[in-house]
Chemist: 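Sharing a structure, written as structure tokens. Questions coming.
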Amino acid sequence: MKQDMIVILDLGSHENTVLARAIRALGVYSEIYPHDITVEELKALPNVKGIIINGGPNHVIDGVEIDVNPGIYNIGIPVMAAGHDKALCEVKLPEFTNDVEAIKAAVKSFVFDTCKAEANWNMTNFVNDQIELVRRQVGNKKVLLALSGGVDSSVVAALLLKAIGDKLVCVHVNHGLMRKGESEDVVEVFKNQLKANLVYVDVTDRFLNKLANVEDPEQKRKIIGGEFIRIFEEEARKLDGIDFLAQSTIYPNIVESGTKTAKMVKSHHNVGGLPEDLKFELVGPLRQLFKDEVRACDLELGLPYDMVYRQPFPGPGLGVRCLGAITRDRLEAVRESDAILREEFKNAGLDKKVWQYFTVVPDFKSVGVRDNARSFDWPVIIRAVNTVDAMTATIEPVDWPILMKITDRILKEVKNVNRVCYDMSPKPNATIEWE
Ligand code: XMP
């Protein structure tokens, strides 16, 4: 293994992700683990040079005081703690801050002088380490991957292809909530160009029937996630001799779905929750990466240019952009307006500049005029945001002439639409998606 690591034990602090990022910014790999990790589990982690215990004001979750396993102080690895009295090394971290520079300054001496960690965290080493870990974990066995075609699952597919080649079996489920042309692209890149084992299933009707009349966003996510698992399960049962399941979960998904100490923001859809008798071991090479790091990983793997710069796409797809109960006419309006937005952003060179951009169609109509007659149709909302890690985001100030051209095209080309709006809201208070 090439990389030294500093482990953060999470006693319920919101700062831990910033802390991990700060340590990685110093060039040293860092991962966050729950406070109750056992001494054995900790010892099994590779190249741990130091441990930082960091918690909220009183180390209290739901009224219960929590602490780390005391044996951790005796395994011969330097321990640093913020607001904790048993550790060898006590450093005060700047409180309630997102200031990576301030945190870097506070932990630098611990990381390099006390722990003697080497600044050897980079994507080449990360990818090589993950390839080695996957080969060690999987051996000669087969791995199954749900390949949506989004950045995360594409990176996992490319990484596993490098590590185990045709021992990887990809399943692409077209749930009818994909962007225009997207399923076709997945087949073209992975099956035709990269020669991956790819199973393609089109189950549009089945999904739309399940989703009919369902309005609540979390309920929609649950149905999409649950149905996805059932279809994936059906496909998995048709395949023989598969022992592993690859997951493309990344760090912000884990945080926002709620860890032991972080409150849930939105549930994120991934392929967890398969039935007990389908016994897979999990392979999750990206689970500790932030979104910007996944992009860098993508480049390192030498994926096609278009794929590296493909914007992130949520697991529930256009389903959370067709607000409220999904109907075929509005879903079509989302898909067509999104395709126009993407085309015009590409023409204007914004596709490489803006982190994520898409359209949303709400479930209310407004009055307009078309061909001298009253119309009563859907609005389209354009969203374009920039972010480093999707935890916060700012809006892109798109030039008026570009927005006017996109508006003009949407109004002319997309059926059942009579109004176009631009969403000005940063995250927080809004989230990036509308649902
Ligand atoms: P929010 O809306 O939470 O989005 O600010 C942050 C990032 O996550 C994506 N997103 C999802 N990705 N499953 C996913 O795989 C989901 O359920 C989901 N919801 C949001 C969103 O597109 C943005 O990039």
Side-chain angles (χ1 to χ4, degrees), residues 14 17 145-157 172-173 175 177-179 182 186 207 211 214 216-229 232 246-259 262-273 284 286-287 289-295 298 308-323 326 334-335 338 341-342 345 351 354-362 381-396 423-435:
H14 298 299
T17 51
L145 168 71
L147 176 59
S148 70
V151 179
D152 303 345
S153 66
S154 298
V155 174
V156 173
H172 177 73
V173 176
H175 48 25
L177 306 168
M178 305 293 289
R179 287 174 288 203
E182 193 153 53
V186 169
F207 268 81
L211 285 163
V214 181
D216 176 64
E218 284 303 308
Q219 191 62 23
K220 283 164 70 177
R221 269 197 177 73
K222 283 206 178 86
I223 291 174
I224 297 169
E227 200 54 19
F228 188 91
I229 288 165
F232 193 71
Q247 291 201 305
S248 30
T249 317
I250 67 166
Y251 198 69
N253 299 155
I254 294 172
V255 176
E256 293 205 347
S257 291
T259 57
K263 258 204 185 144
M264 186 182 104
V265 180
K266 284 180 192 185
S267 69
H268 280 261
H269 143 95
N270 58 39
V271 195
L286 308 184
R287 69 186 191 291
L289 286 192
F290 294 96
K291 200 88 196 185
D292 52 320
E293 295 170 337
V294 177
R295 275 261 156 85
D298 220 336
V308 179
Y309 285 97
R310 180 182 285 175
Q311 52 171 328
F313 189 56
L318 299 183
V320 288
R321 297 177 181 171
C322 183
L323 305 187
I326 297 170
V334 179
R335 185 176 284 118
D338 174 74
L341 180 73
R342 285 195 283 147
F345 264 42
D351 58 329
V354 182
W355 195 83
Q356 197 174 18
Y357 45 97
F358 53 87
T359 59
V360 170
V361 175
I381 298 157
I382 298 173
R383 182 107 173 106
V385 296
N386 290 308
T387 178
V388 174
D389 56 14
M391 309 289 262
T392 60
T394 54
I395 63 149
E396 169 72 18
D423 183 351
M424 301 287 290
S425 327
K427 175 182 181 176
N429 289 0
T431 51
I432 295 175
E433 302 289 344
W434 271 56
E435 289 192 334

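For the numbers below, each heavy atom of this structure counts, side chains included, while hydrogens, waters and symmetry mates do not. Whatever order the structure lists them in is the order used to number ligands and atoms, beginning at 1.
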Chemist: How long is the span from the CG atom in Leu286 to the OG atom in Ser153, to the nearest 0.5 Å?
Modeler: 9.5 Å
Chemist: I'd like to check the salt bridge (Lys or Arg N to Asp or Glu O under 4.0 Å) partners of Glu227; sequence neighbours left out, ordered by chain and number.
Modeler: Arg206, Arg230
Chemist: Regarding atom 24 (O) of ligand 1: of the candidates Glu218, Gln356, Met391, which has the closest heavy atom?
Modeler: Gln356
Chemist: On a heavy-atom basis, which atom in Asp423 and which in Arg383 lie closest, and how many Å separate them?
Modeler: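 Residues Asp423 and Arg383, closest heavy atoms: OD2-CD, 3.1 Å.
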Chemist: Who's closest to atom 5 (O) of ligand 1 heavy-atom-wise, of Arg321, Lys427, Lys220, Arg383?
Modeler: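 Considering heavy atoms of Arg321, Lys427, Lys220, Arg383, the nearest to atom 5 (O) of ligand 1 sits in Lys427.
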Chemist: Please check: side-chain N/O of Arg335 versus main-chain N/O of Met178, any donor-acceptor pairing under 3.5 Å?
Modeler: yes
Chemist: Using a 4.0 Å cut-off to any heavy atom of Pro316, which atoms of ligand 1 qualify?
Modeler: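 This gives 13 (N), 16 (C), 17 (O) as the contact atoms.
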Chemist: Using the rule side chain to side chain contact (heavy atoms under 4.5 Å, CB included), only one of Ile382, Ile381, Ile432, Val334 pairs with Phe358; which is it?
Modeler: Ile432
Chemist: Heavy-atom contacts with Gly315 under 4.0 Å: which atoms of ligand 1 show up? List them by number with element.
Modeler: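 Answer for ligand 1: 12 (N), 13 (N), 14 (C), 15 (O).
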Chemist: Below 4.0 Å, non-hydrogen atoms only: which portion of Trp355 touches ligand 1? Side chain, backbone, both or neither.
Modeler: side chain
Chemist: Purely on distance, is any nitrogen or oxygen of Ile432 under 3.5 Å from one on ligand 1?
Modeler: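 Min N/O separation from ligand 1 is below 3.5 Å for Ile432.
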